[in-house]
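Throughout, protein chains are lettered first and strands after them, A, B, ... in sequence-line order, and every chain is numbered starting at 1.
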Number of protein chains: 4
Amino acid sequence: MFLRIQPSSSDPLFEQIVFGVKRAVASGELAAGERLDSVRDLAKQLAINPNTVAKAYAELESQGVIVRRQGAGCFVAERSSPLSDRERNKRLSQLVERLVIEAFHLDFSPPEIRAAVLARLDLHASDQGTSP
Amino acid sequence: MFLRIQPSSSDPLFEQIVFGVKRAVASGELAAGERLDSVRDLAKQLAINPNTVAKAYAELESQGVIVRRQGAGCFVAERSSPLSDRERNKRLSQLVERLVIEAFHLDFSPPEIRAAVLARLDLHASDQGTSP
Amino acid sequence: MFLRIQPSSSDPLFEQIVFGVKRAVASGELAAGERLDSVRDLAKQLAINPNTVAKAYAELESQGVIVRRQGAGCFVAERSSPLSDRERNKRLSQLVERLVIEAFHLDFSPPEIRAAVLARLDLHASDQGTSP
Amino acid sequence: MFLRIQPSSSDPLFEQIVFGVKRAVASGELAAGERLDSVRDLAKQLAINPNTVAKAYAELESQGVIVRRQGAGCFVAERSSPLSDRERNKRLSQLVERLVIEAFHLDFSPPEIRAAVLARLDLHASDQGTSP
DNA sequence: GTGGTCTAGACCACA
DNA sequence: GTGGTCTAGACCACC
């Protein structure tokens, strides 16, 4: 399992693990049903405390990203979001809001923000509607 | 100055203030040069400790969003990020990456994500996806 | 970690700590990746309130000098200013301007100022002035 | 008297005035014996409180930059530093130390720092001794 | 153990 | 009046 932890980051270790796994799942690197490294193994690989890995896995389970099967280990869940559409849309709005506002304060224009998102999504920006 | 704080949120109070001010500045609700509520006033309005507001304002100043002047008050700064283009692009990428991955785990498809972003930016998608 | 604080100085305690750490890093006394004294330890050593040390460390992190990691401690960051060249040059100019003007009012001549700077940088002036 | 005050700066107004006058004196714009604008006039020009200008002038007088003559106004002093050589050298060292350390954290190399100082002093850098 | 947040209250400096 | 510093002490989150 490919997970890079940056000790130079001030993000908590367990959050880096959570996000790393979510990224791997989103990119297809980890497929649904696939088994994750055991808590013990991953802790050894990353040279960190097993409790930290366990906390990350617990968080991933509570988010519906992985499922734990007693004695068998942790597996990537089939579908992740157990939330209502209302809650999902609310969270998406918050994520977008956060992106837009922080990008504004980095002096990026709306078209630049749009371009960055489309590039990441492997879609193509049309130049129409580039008003602001 | 309109700011709503949720004491129940897991987000620290001072971060809620920081983000609230950044949102107000990004939306134009607070214009460059405009004066913010004083530390004491805002603390009174929100029914929290003045030190917490002061911490939020200090953070906003270190991010270049406002300037604080002893005896005068706090004012919205003129916009212009002091960061290098390399750093700005790096941070934008991280923001986009975060959005895309979290949205994926909320079971949103790339077109849905794109639509949500474009809607927030008041731009129009050439190939309209499901709107949030 | 060697840090001397002058409670009698008009400089705030937390700024003295900030500058002391920056000096230690610049001199190589503290190497990149090295761990700083904990907030509580340093506060005990200096006989000041832990909050004051915490404030200094927060300032150092916002300046990119150190990183703070919950539960782990504070570490000297890898060097690399995130600022644009324009901003870096602007700040350098201001620092030099300040030096030159203050030194002038201390009745030092330009050659004397030059000599003092070169001596500090361990370089040698081609046309040696009066050394400080 | 040419003094530009930046309300966008977080430096106290009175310090901006102090530094502005010292800069004007250092550059020769204000010659020794020359009369400064009255407290009242300068306050009107800058559209600030006379108390603030008075505080700046008091600071300049205590530093030996200007002298007040009762009823006649304030004049640029003949020579500024009433300090002992020991104190003068100590202060110069501190100024240089500050420059070098802050410049280091802006990722400037010693030769770059030297070049910036020499350029400001209208001296010429020889390329010998450019080791670090 | 580490750092992080928040409160409460005193006192100082600037305009 | 404004913001800035410092103290004291409680409680939480991370490792």
Under 3.5 Å donor-acceptor, R88(A) side chain and L83(A) backbone: no
R98(B), CZ atom: more than 12 neighbouring heavy atoms under 6.0 Å: no
Involving DNA chain E, stems made of at least three consecutive Watson-Crick or G-U pairs, both distances under 3.5 Å: E:1-14 with F:1-14
Neighbours of DNA chain E within residues 40-55 of chain B, by heavy-atom distance under 4.0 Å: I48(B), N49(B), N51(B), T52(B), K55(B)
Over 12 foreign heavy atoms within 6.0 Å of CZ, R40(D): no
Non-hydrogen side-chain atoms of N51(D) and F14(D) separated by less than 4.5 Å: no
Criterion side chain to side chain contact (heavy atoms under 4.5 Å, CB included) against I48(A), the qualifying member of I5(A), L42(A), I17(A): I17(A)
Gap between atoms CD and P, on E15(B) and dC12(F) respectively (whole Å): 19 Å
Aromatic F75(C) / basic R69(C) pairing, under 6.0 angstrom, 45° off normal: yes
For atom CD of E61(C) and atom P of dT2(E), their distance in whole Å: 17 Å
Length of the line joining I17(C):CD1 and dT7(F):C1', which is rounded to integer Å: 14 Å
F14(D) CZ - dT2(F) C1' separation (whole Å): 15 Å
Where L46(B) and L3(B) come nearest, the two heavy atoms and their spacing: CD2-O, 3.6 Å
Residue L13(A), side-chain atoms from C-beta onward, closest of dG3(E), dC6(E), dC15(F): dC15(F)
Between P of dG4(E) and CG of D11(A), the distance in whole Å: 12 Å
Test item: F19(C) and E15(C) side chains (from C-beta on) under 4.5 Å apart, heavy atoms: no
Integer-rounded Å distance: dC14(E) C1' and I5(D) CD1: 15 Å
Residues in contact with DNA chain E, drawn from residues 63-71 of chain B - heavy-atom cutoff 4.0 Å: Q70(B), G71(B)
Any V21(A) side-chain heavy atom under 4.5 Å of V25(A) side chain: yes
Between dG3(F) (P) and F75(B) (CZ): distance, integer Å: 9 Å
Of P12(B) and L36(C), the one whose closest DNA chain E nucleotide lies more 5': L36(C)
Carboxylate-amine/guanidinium contact R91(A) E102(B), below 4.0 Å: no
Non-hydrogen side-chain atoms of F104(B) and V100(B) separated by less than 4.5 Å: no
